[in-house]
Amino acid sequence: QVQLVESGGGLVQAGGSLRLSCAASGRTFSIYAMAWFRQAPGKERERVATIGWSTNSTSYADSIKGRFTISRDGAKNTAYLQMNSLKPEDTAVYYCAANPSSTVLYKYWGQGTQVTVSS
């Protein structure tokens, strides 16, 4: 099994920045890709960014392109989400997720970390 623990959330003013971290432990060798999702009250869960663990390829949701950057540190088994130019609409619980292969949907999830952006 893989355990994921997010950190770095908090309260920030509009225009500010936060960096979220997702530390993976356990059977980390099975990680194929990691992603950040977010979910605001009353809204569907949204995939924010994805990173291939070996390829380092990335993809982003249109809603955050140009503002957020996903990265990873393989030696630390940690993924990051650098969030800049934050907007109130970015307020949500942010979740880290990992999938074990290209043929399996995201299987492992963290507990989530709250990001609140004030206007």
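Because the structure is predicted, anything quoted here is derived from the model rather than measured.
Tyr80 is not listed as a side-chain neighbour of Arg72, based on a closest heavy-atom distance of 4.5 Å or more. In this structure the side chain of Phe68 never reaches within 4.5 angstrom of the side chain of Leu18, judged on heavy atoms. In this structure, Tyr106 and Thr50 have side chains that are in contact, with non-hydrogen atoms separated by less than 4.5 Å. You'll find the side chain of Tyr108 stays beyond 4.5 Å of the side chain of Gln3, heavy atoms only. Between Lys107 and Asn99 there is no side-chain heavy-atom pair separated by less than 4.5 Å. Looking at Cys22 and Trp36, their side chains come closer than 4.5 Å, going by heavy atoms from C-beta outward.
Stacking of Arg38 on the aromatic ring of Tyr94 is not recorded, the 6.0 Å distance cut-off and the 45° axial limit not both being met. Cation-pi geometry between Arg47 and Phe37 is not satisfied (NZ or CZ under 6.0 Å from the ring centre, within 45° of the ring normal).
Both Val93 and Trp109 belong to a single network of hydrophobic side chains, linked directly or stepwise wherever heavy atoms of I, L, V, M, F, W or Y lie under 4.5 Å apart. Using a 4.5 Å cut-off between side-chain heavy atoms of Ile, Leu, Val, Met, Phe, Trp and Tyr, with links allowed through other members, Ile31 and Val48 fall into the same hydrophobic cluster. Linking ILVMFWY side-chain heavy atoms closer than 4.5 Å, directly or via other members, places Val12 and Leu81 in a single hydrophobic cluster.
With hydrogens and angles disregarded, a donor-acceptor distance shorter than 3.5 Å links the side chain of Glu6 to the backbone of Gly112. Checking side-chain atoms of Ser30 against main-chain N and O of Thr28 turns up no donor-acceptor pair under 3.5 Å. With Thr91 contributing its side chain and Thr116 its backbone, the two residues share no donor-acceptor pair below 3.5 Å.
Taking both residues in full, the closest heavy atoms of Ser63 and Glu46 are given as OG-OE2, 2.8 Å, listed atom of the first, atom of the second, then distance. The two residues Ala49 and Tyr60 make their nearest non-hydrogen contact at CB-CD2, 3.6 Å. Residues Leu4 and Ala24 share a closest heavy-atom pair of CD2-CB, 3.6 Å. Across every non-hydrogen atom of Ser119 and Ala14, the tightest pair is CA-CB, 4.4 Å. Counting all heavy atoms, side chain and backbone alike, Thr78 lies closest to Ala23 at OG1-CA, 3.9 Å.
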I'd like to know whether Val117 forms a side chain to side chain contact (heavy atoms under 4.5 Å, CB included) with Gln13, so could you lay out the CA-CA distance, the side-chain angles of the two residues, the decisive distance to 0.1 Å, and finally the verdict. CA-CA 5 Å; Val117 184; Gln13 290 185 325; over 6 Å; no
Practice prompt. Under the side chain to side chain contact (heavy atoms under 4.5 Å, CB included) rule, what do Val115 and Leu20 come out as? Steps first, then yes or no, please.
Written response: CA-CA 9 Å; Val115 172; Leu20 306 183; 4.1 Å; yes
**OP:** Apply salt bridge (charged side-chain N to carboxylate O under 4.0 Å, His left out) to the pair Lys87 and Asp90, showing each step before the final yes or no.
**Re:** CA-CA 5 Å; Lys87 304 175 181 180; Asp90 295 320; over 6 Å; no
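The distance from atom CD1 of Ile70 to atom CD of Gln82, rounded to the nearest 0.5 Å, is 12.0 Å. Of the inter-residue distances, the one linking Arg67 atom CZ with Ile64 atom CD1 reads 7.0 Å to the nearest 0.5 angstrom. In this structure, OH in Tyr32 is found 8.5 Å from OG in Ser101, a value given to the nearest 0.5 Å.
Side chain to side chain, Asn84 and Ser17 meet the donor-acceptor criterion of an N or O pair below 3.5 Å.
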